[in-house]
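As structure tokens, the structure follows; a few thoughts come after it.
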There are 2 protein chains.
Amino acid sequence: MDITEADGRLLDAAEALFYEHGIQAVGMDRIRAASGVSLKRLYQRFPSKDVLVEAYLRRRDGRWRGALAEYVATRPSAVERPLAVFDWLEEWFGEPDFRGCAFINAYGELGTASPAVSEAVRDHKAEVLRYLHGLVRDAGAAEPGPVAEQLAVLADGAITAAAIGGTPAPARSARKAASTVLEAAGVAQRQPAGCPAPGGHTVG
Amino acid sequence: MDITEADGRLLDAAEALFYEHGIQAVGMDRIRAASGVSLKRLYQRFPSKDVLVEAYLRRRDGRWRGALAEYVATRPSAVERPLAVFDWLEEWFGEPDFRGCAFINAYGELGTASPAVSEAVRDHKAEVLRYLHGLVRDAGAAEPGPVAEQLAVLADGAITAAAIGGTPAPARSARKAASTVLEAAGVAQRQPAGCPAPGGHTVG
DNA sequence: AATGGGCGAGAACGATCGTTCTCTCGTTTC
DNA sequence: GAAACGAGAGAACGATCGTTCTCGCCCATT
């Protein structure tokens, strides 16, 4: 087993176990058992649990945003893409191992104790907001910034409500609210392109 | 020190420490030191840490919803009350010891391991939703159920975004989105009572 | 005044944690 | 072929956890 494969197996095991059981509930020895990588190698590659936790969060961030962007990009029209985010969330909520937002969970557990974790979580949320901002801007919203922030709040809320309630339903509530917000921001949704919404409040 | 005072001191210490540092990061001995109650008495009143954690969550639930309801009830008109929830959230976010939703944090940490914690968290969210439903209904929304669910998602999202970002700003984003959602549901907001919103979409 | 029971202080216990060390074995290199 | 190296398995270490036990003291009852 070469180093890149060992890294992959370690991060795969860490991600599965940390996400399912929480970080403090999973010991290093359990990651060794699940990955099949010896404890010595584990500490060669990740010199402390904190380092492993941060690597887990940063790799998950990339994968998560990549999967979201890949799904959203299949929508042919830019005006549909902001709402597609919530369709993707609904699919994610329905997966059997869904257990909420890994970053929110990590922050609640270690945000006070570990600055590295706090920073990784903040970076993730900032990247998601940036991504939403691009989607909202390309959809033609009058003021993309505030709208993107509202969509980010809706997405975070949907994730936590779905995790706690154990149902994907909050994705639909969030989608409906997002639709209302986008419509109020002048983003047409059912009509073909080039047809501005009637009575759009051009605030400002 | 009689039993009721010991209980109060224990729950006060548990709440402060669990909320600030997370549950697994706080040992029973630290709660003993902070409360001034002996370990023997602690285990007489709360026979295990799990019992103490559940008692902490349930008492915090009552206090939290009580403070919210007290604040909202000061608004004279029913149509203002749903949005007042987000004003209260903004004040809460600005408190120096704010660290997100105690229930979401506890769920992320112990939701897998402790059914008692999961149930307490679910009960809290269900009660909040019930409360929002009453506010939205009394404000005159056409379909209070879906609107209340959207407001609940917005509140949850605002709490997590504020915790991670370290700023109260998400309360304003959530409030703006809530305002848009309420307006679309036929709840007039600026006008005095008895003046139905023009062009309200009476869906259904 | 004698005594007994409950309480506080803190030691003790077994388990588990993150991390390091030891021992052994297979491989490589001169 | 011998010696040096690297890696795996797992014991070991010190710390900390949740929980229980011991001991000495204070107070109440007779």
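Letters A, B, ... are given to chains in the order of the sequence lines, protein chains preceding strands, and every chain is numbered from 1. Quantities reported herein were computed from a predicted structural model and do not represent experimental measurements.
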Donor-acceptor list for residues 148-159 of chain A side chains, cut-off 3.5 Å, not counting sequence neighbours:
unit_1 : atom_1 : unit_2 : atom_2 : d
A/E149 : OE1    : B/S173 : OG     : 3.4
A/Q150 : OE1    : B/A177 : N      : 3.2
A/Q150 : NE2    : A/P146 : O      : 3.4
A/D156 : OD1    : A/K125 : NZ     : 2.7

Under a 4.0 Å heavy-atom cutoff, the residues of residues 14-36 of chain B touching DNA chain D are B/V26, B/G27, B/M28
Rounded to whole Å, CZ of A/R45 lies from P of D/dA7 at a distance of 11 Å
Residue set satisfying side-chain contact (heavy atoms from CB on, under 4.5 Å) with B/E70, at least two apart, ordered chain then number -> none
Residues passing the side chain to side chain donor-acceptor pair (under 3.5 Å) test with B/Q24, sequence neighbours excluded, are none
With sequence neighbours left out, the residues meeting side-chain contact (heavy atoms from CB on, under 4.5 Å) with B/A113 are none
Letter by letter from the 5' end, nucleotides 20-25 of chain C scores (B base, S sugar-phosphate only, - none; protein heavy atoms under 4.0 Å) B-B---
Per atom distances to the A/Q44 side chain, the nearest of C/dT19, D/dG8, D/dA7 is D/dA7
Residues in residues 105-115 of chain B with a heavy atom under 4.0 Å of DNA chain C, by number, are none
Check: Under 30°, 30 to 60°, or over 60°: which ring-plane class applies to B/F98 and B/F93, parallel, tilted or perpendicular?
Finding: tilted
note: A/I3, atom CD1; D/dG8, atom P; distance rounded to Å ~ 10 Å
Whole-Å distance, B/L42 CG to C/dA9 P, equals 13 Å
Here the side chain to side chain donor-acceptor pair (under 3.5 Å) pairs for residues 39-49 of chain B, sequence neighbours left out, are B/D7-B/R45
Do B/T160 and B/C101 touch side chain to side chain, with heavy atoms closer than 4.5 Å?
no
Contacts of A/D138 meeting side chain to side chain donor-acceptor pair (under 3.5 Å) (sequence neighbours excluded), chain-then-number -> none
The salt bridge (Lys or Arg N to Asp or Glu O under 4.0 Å) partners of B/E127 (sequence neighbours excluded) come to B/R65, B/R130
Contacts of A/S118 meeting side chain to side chain donor-acceptor pair (under 3.5 Å) (sequence neighbours excluded), chain-then-number -> none
Hits for side chain to side chain donor-acceptor pair (under 3.5 Å) against B/S114, two or more places apart or cross-chain, chain-then-number order -> B/D50
Taken to the nearest whole Å, NZ/B/K49 to P/D/dC17 is 8 Å
